[in-house]
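Read the structure below first, then the notes.
Just so we're on the same page: letters track the sequence lines, and every chain starts at 1.
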Protein chains: 2
Amino acid sequence: MANLCKKYVIVVCVLINLAMLCLADVKPENLKPSIDVKEEQNVSKHHKTDSLTILMLLALLLLTILTIWFFKYRRFRFVHETGLSMIYGLIVGAIIRYAGPLGKKPDYAKAALINGTFYANSPPETLFLSLPNFNDTTNETIKYNLIGKVYSTEPDGLLERTVTFDPELFFNVMLPIIIFEAGYSMKRRHFFKNLGAIMSYAFIGTTISCFAVGGIMFGLTRLMSIDFSLNDCFFFGAIISATDPVTILAIFNDLNVDVDLYALVFGESVLNDAVAIVLSGSVEKYGELSAGSFDSKAFFGALGNFAAIFTGAFAMGSLMGCITALITKFTKIRDFPLLETALFFLMSYSTFQAAEAASFTGIVAVLFCGITQAHYTYNNLSLESKQRTKQLFELANFLAENFVFLYIGVSVFTFEALKWHAGFIFTAILGIIVGRFLNVYPVSFLLNLGRSNKIKFNFQHMMMFSGLRGAIAFALAIRNTSSDSRQYMVSATVIIVLSTVICCGGLTTPMLQWLQIRVGVDEELDTIQTAENTRSVSQTTETENNGTKKYEKAWLVLKWYNFDTRYMKPLLTNSRPTLMETLPQCCLPLAKLLTTEEQMSQGTTKEREDSESDTDMILDHSQLSMGDSMETNGAMPSSINSINADRKSNIPYEEHPGGDLGLGHAAPVSVRVNIQGGPGHKL
Amino acid sequence: MANLCKKYVIVVCVLINLAMLCLADVKPENLKPSIDVKEEQNVSKHHKTDSLTILMLLALLLLTILTIWFFKYRRFRFVHETGLSMIYGLIVGAIIRYAGPLGKKPDYAKAALINGTFYANSPPETLFLSLPNFNDTTNETIKYNLIGKVYSTEPDGLLERTVTFDPELFFNVMLPIIIFEAGYSMKRRHFFKNLGAIMSYAFIGTTISCFAVGGIMFGLTRLMSIDFSLNDCFFFGAIISATDPVTILAIFNDLNVDVDLYALVFGESVLNDAVAIVLSGSVEKYGELSAGSFDSKAFFGALGNFAAIFTGAFAMGSLMGCITALITKFTKIRDFPLLETALFFLMSYSTFQAAEAASFTGIVAVLFCGITQAHYTYNNLSLESKQRTKQLFELANFLAENFVFLYIGVSVFTFEALKWHAGFIFTAILGIIVGRFLNVYPVSFLLNLGRSNKIKFNFQHMMMFSGLRGAIAFALAIRNTSSDSRQYMVSATVIIVLSTVICCGGLTTPMLQWLQIRVGVDEELDTIQTAENTRSVSQTTETENNGTKKYEKAWLVLKWYNFDTRYMKPLLTNSRPTLMETLPQCCLPLAKLLTTEEQMSQGTTKEREDSESDTDMILDHSQLSMGDSMETNGAMPSSINSINADRKSNIPYEEHPGGDLGLGHAAPVSVRVNIQGGPGHKL
């Protein structure tokens with residue numbers, strides 16, 4: 001033993017010089033936050049640094065790809081792509097090394113060693129152990145990194161140690177893939193038709209659910225011996241309000257369920273993930289600002305935070321999508337599908353990391369990026385890239401989803417930061433049922449006041465039923481497990497996810513039958529069939545379905561649609577009309593600059609390969625007119641032909657349909673449909 | 001300050017109870033190995049545990065996919081795939097938690113805290129810091145993980161800290177992708193034609209190169225003030241002998257260079273990566289067994305190790321490929337291309353992890369897995385999966401390659417474990433030039449003794465020139481940087497990689513011109529054209545090229561080819577002939593069992609979509625006969641037709657061509673070609 005001691009005297013020496021720094025920095029505020037908050041800040045700081053790093057590497061890869069393309073395009077062969085990558089790497093490495101601001105040392109190791117005892121004002125991120133070397137007199141220094149707070153000093157088991165993954169793996173790899181795929185493969189037509197309702201459910205409904213769950217939790221946890229603050233309650237309400245689209249939608253897809261119900265459930269759960277993420281962040285923010293009691297300043301601070309993060313992420317996601325569209329439009333990278341796909345992939349992933357680095361929510365950004373990519377960029381891609389990106393994201397999404405659910409299952413037993421409390425779990429389950437109830441029915445009631453195509457009760461019941469909780473709720477819960485209350489949340493979330501996915505997921509098909517919801521609907525066929533039924537003004541049982549088939553556009557949505565067709569699509573894609581046709585005469589030089597030759601040639605061939613995707617946001621005129629015809633009882637014999645006509649011509653229409661934002665302001669007014677396009681349009 | 005001290009007295013308390021365990025375990029042997037070896041063992045133990053974990057998760061995912069398929073196939077809808085994943089996860093989580101051997105605690109934290117001083121016999125993997133809590137009297141425990149030996153106690157810069165990646169990222173993610181893609185997209189026909197030569201270069205040549213570099217390094221480092229043991233020298237020789245296929249082959253591909261040269265360079269660099277990896281492992285093994293001086297027992301031990309690891313990896317890779325082929329053949333998973341692709345992907349990645357977990361070399365395994373997948377499984381895939389797997393791996397390979405080279409560039413400046421020594425670097429560069437020289441020219445000379453299609457001098461020069469070093473050499477070098485000598489190796493490797501990739505890569509095109517090597521060769525066209533030239537027995541300049549176009553098969557290769565066509569392909573793929581046709585009559589029941597309906601129907605349609613890939617290993621009879629005809633001067637007017645004929649019919653031929661194993665045993669003998677197949681074959 002003595003021999004051992006002599007040979008291996010290890011002294012913990014944590015950067016005494018940096019301790020000086022620490023002393024200069026110690027202010028009362030620094031002492032105040034508990035370790036939880038500190039740890040949260042650490043995590044978020046780490047996260048931001050990681051994002052910056054990944055972003056830098058992605059930017060480098062993007063630069064390399066663009067340069068490779070340029071070299072191939074110009075037929076330069078003096079340096080190969082791998083050489084290029086390496087040269088870029090060298091340059092950036094040198095910058096990191098020698099540039100002041102990037103290479104500066106962070107003051108994160110604040111500790112001092114005094115008389116063999118170790119002092120610090122917070123756990124240092126890095127510990128250095130000094131170990132005497134055998135061979136010579138020098139010491140070897142061993143580095144340790146901070147892992148986090150633990151609740152047992154026993155080392156983990158051999159497998160347990162590695163099976164318990166870093167939650168960041170979800171947030172940085174799995175979730176972006178799942179959410180991007182949701183945006184990219186979205187059936188945009190029906191989504192935009194029901195946008196008002198979807199946004200009501202997502203924003204208003206989720207907030208209601210969050211507060212309902214939070215209130216119930218707060219009320220009932222008072223009766224238990226659990227320390228659970230009001231803020232914790234609302235945080236739990238926020239994270240558990242994120243419904244999961246995966247399971248239900250897969251079944252809906254298999255069964256070809258009614259497209260409206262599909263759009264409502266899909267749209268709600270996708271947007272509501274984003275809302276829940278931002279909401280939970282805002283609740284945390286509120287908790288930091290307020291001191292436990294209600295504080296109106298903190299409340300509005302949190303509200304402002306919510307709005308800023310959501311719009312920031314939305315703007316960033318859309319912007320990155322547009323940039324990709326511009327790159328794919330104005331470079332001839334489509335001649336090299338591999339490079340194009342790589343560019344597409346990297347740009348999309350950069351969006352996520354850029355948003356994270358900018359403290360917006362990456363997942364919201366990546367969702368809107370996916371939508372933008374599908375709406376604009378997809379049209380510019382080469383046929384091979386279109387296929388490849390679709391297939392790639394489909395596969396990645398499939399693997400990520402299965403991995404996430406597999407992991408949720410494994411973690412029930414291996415995740416060490418779980419605190420079980422039956423009362424808490426039952427309260428949580430009660431909470432989500434009540435929350436879901438208060439989300440779906442009142443919001444549907446309000447929506448139906450303004451909608452001419454009512455959301456029927458069987459749809460409402462199905463929406464109530466499809467409030468599964470999945471990956472997002474789980475990931476939000478395990479992201480931070482430093483306090484006891486958080487650990488109660490994790491265990492409750494795990495149980496809720498397990499039970500809803502297994503029970504509700506398994507019962508979806510019987511439920512659809514029981515609620516007599518139409519399945520086996522072919523989307524394209526359905527549209528035409530419904531129009532036909534309307535034309536004959538039949539009074540069969542089919543009319544009931546027709547009722548739900550009437551869509552209205554809100555004024556804002558219509559304005560956007562016109563702007564999109566006249567300016568955005570001509571600018572960002574290779575589709576007709578060009579900007580030269582839509583911009584006023586005075587901007588012709590600019591318009592010429594922004595119109596590619598390809599775009600000019602594009603217009604001549606009316607039947608393009610991508611005409612299908614182009615029409616996704618175009619209003620179904622027949623359906624609008626159909627809704628109209630039911631009220632005016634005027635027959636519209638050309639409605640089916642008009643669908644087919646504008647599918648092919650892609651000519652935008654000026655329309656003034658009645659509509660609502662889903663909140664019941666306007667009653668339907670008469671619709672004027674110009675089958676051959678308004679004169680103000682086609683210059 | 002005093003306040004600080006009072007509040008944040010942090011005591012390093014490393015598991016005193018486990019210190020007892022440590023005392024029980026301390027034997028003289030445990031004390032002996034230096035930290036380097038200890039760290040190496042740690043790394044390899046970690047690596048194996050990681051592999052096991054990943055393997056377990058992959059196996060779960062595979063199981064999920066197969067179950068999903070089965071449920072879809074049987075039209076079960078009571079549980080969804082996400083629910084399934086979760087249930088499997090639960091089961092495995094429970095096993096991990098409660099099963100004895102898996103959940104056992106490893107004894108890795110051996111340390112004691114005695115009178116405020118910290119004692120250990122090796123740096124513990126986990127440190128626990130106890131930190132008094134604000135709110136209550138309990139202590140909070142903060143966990144630290146061992147990172148490794150460092151050479152500066154300054155914390156890393158903000159970006160530096162994260163830019164320096166874990167080398168395991170290469171070995172677990174990037175390299176498997178790159179190598180698998182090499183095997184999967186390999187032009188197998190020309191590879192197998194030149195197999196003898198390729199294997200000679202890869203096995204004999206690389207070993208020569210390793211010893212040459214090692215010898216030179218040993219000789220010249222004696223003249224410097226560097227501590228560099230004989231073992232270090234040979235280790236360096238091994239890692240630096242891995243040539244990189246990426247850069248040169250991309251250029252060869254662009255320029256459509258002579259197919260034989262392509263096959264030689266490609267084949268050599270792919271196999272030689274595998275050889276270098278196993279060789280470096282064997283040198284390390286030898287170093288552990290011997291005590292510095294030459295030890296014949298250790299030498300043969302290392303040799304045995306080399307053989308065992310290589311054959312083990314080969315067997316495992318091929319086996320996993322065959323299993324995938326069997327699954328895709330006997331299940332109808334091809335009806336669900338997404339599941340099929342996921343299965344394919346997971347099986348291939350499992351191969352890597354399985355080999356790593358079994359202490360074989362994952363990269364060798366994944367190479368042969370790729371070849372097997374392309375040779376058998378590919379034929380069973382649905383058309384969509386064929387496309388998707390190809391495109392997926394192409395993209396992944398592209399991104400991985402560029403990432404790796406980018407990272408090599410960045411690491412020059414940011415990797416902290418680099419020791420620069422100009423003399424060492426120059427010696428290393430001299431070493432690789434000499435090593436390459438001794439590899440290419442003597443081996444080529446020996447090969448030419450036995451080959452009728454000589455490897456010309458301009459090919460030899462080009463091979464000498466294309467000895468670029470790339471990702472593998474770099475990855476092998478940075479895998480362990482715990483000692484000074486290893487750090488010299490890393491810096492020398494980085495410089496060699498940089499200079500060869502940038503210089504040689506950039507000069508490839510001029511070099512090809514200078515050496516007058518044919519470019520712009522269309523492989524298919526070339527074959528036919530050459531045959532035509534032969535038919536007319538023209539004496540133009542083209543005849544010189546014809547010389548290199550004669551291929552011979554070694555006896556062993558031919559035997560394998562026959563076995564493959566008669567038993568392996570019928571067993572593993574859906575191609576004709578079936579086992580019912582090739583197996584002896586007595587095995588008919590077994591053969592029936594192993595023949596799918598699809599396979600039976602397959603045979604009737606002669607022109608299948610995958611006939612092209614099927615013929616990849618089939619001998620070019622026209623070329624064999626062509627070589628023959630040049631000696632016998634007998635005209636073979638049907639030779640071109642015969643190519644086309646057997647392309648379509650896929651009927652195997654019994655042949656007894658003269659050949660060599662690349663080592664000059666047999667002279668060409670006459671070839672008998674049965675255009676309609678031997679009678680012994682087609683039952």
key: Which of A/Thr64, A/Val404, A/Leu399 touches chain B most, by non-hydrogen pairs under 4.5 Å   = A/Leu399
key: Which atoms of A/Ile91 approach chain B - backbone, side chain, both or neither, heavy atom under 4.5 Å   = neither
note = Among A/Asn402, A/Ile408, A/Val501, the residue with the most heavy-atom pairs under 4.5 Å to chain B is A/Asn402
inquiry  = Only pairs of heavy atoms separated by less than 4.5 Å count here; which of B/Leu346, B/Leu90, B/Asp244 has the most with chain A?
reply    = B/Leu90
query = Measuring from B/Arg388:CZ to A/Lys390:NZ, what's the distance to the nearest 0.5 Å?
reply = 11.5 Å
ask   = So how far is it from B/Ile87 CD1 to A/Leu406 CG, rounded to the nearest 0.5 Å?
value = 11.5 Å
Residue part contacting chain B, namely of A/Thr341, when any heavy atom lies under 4.5 Å = both
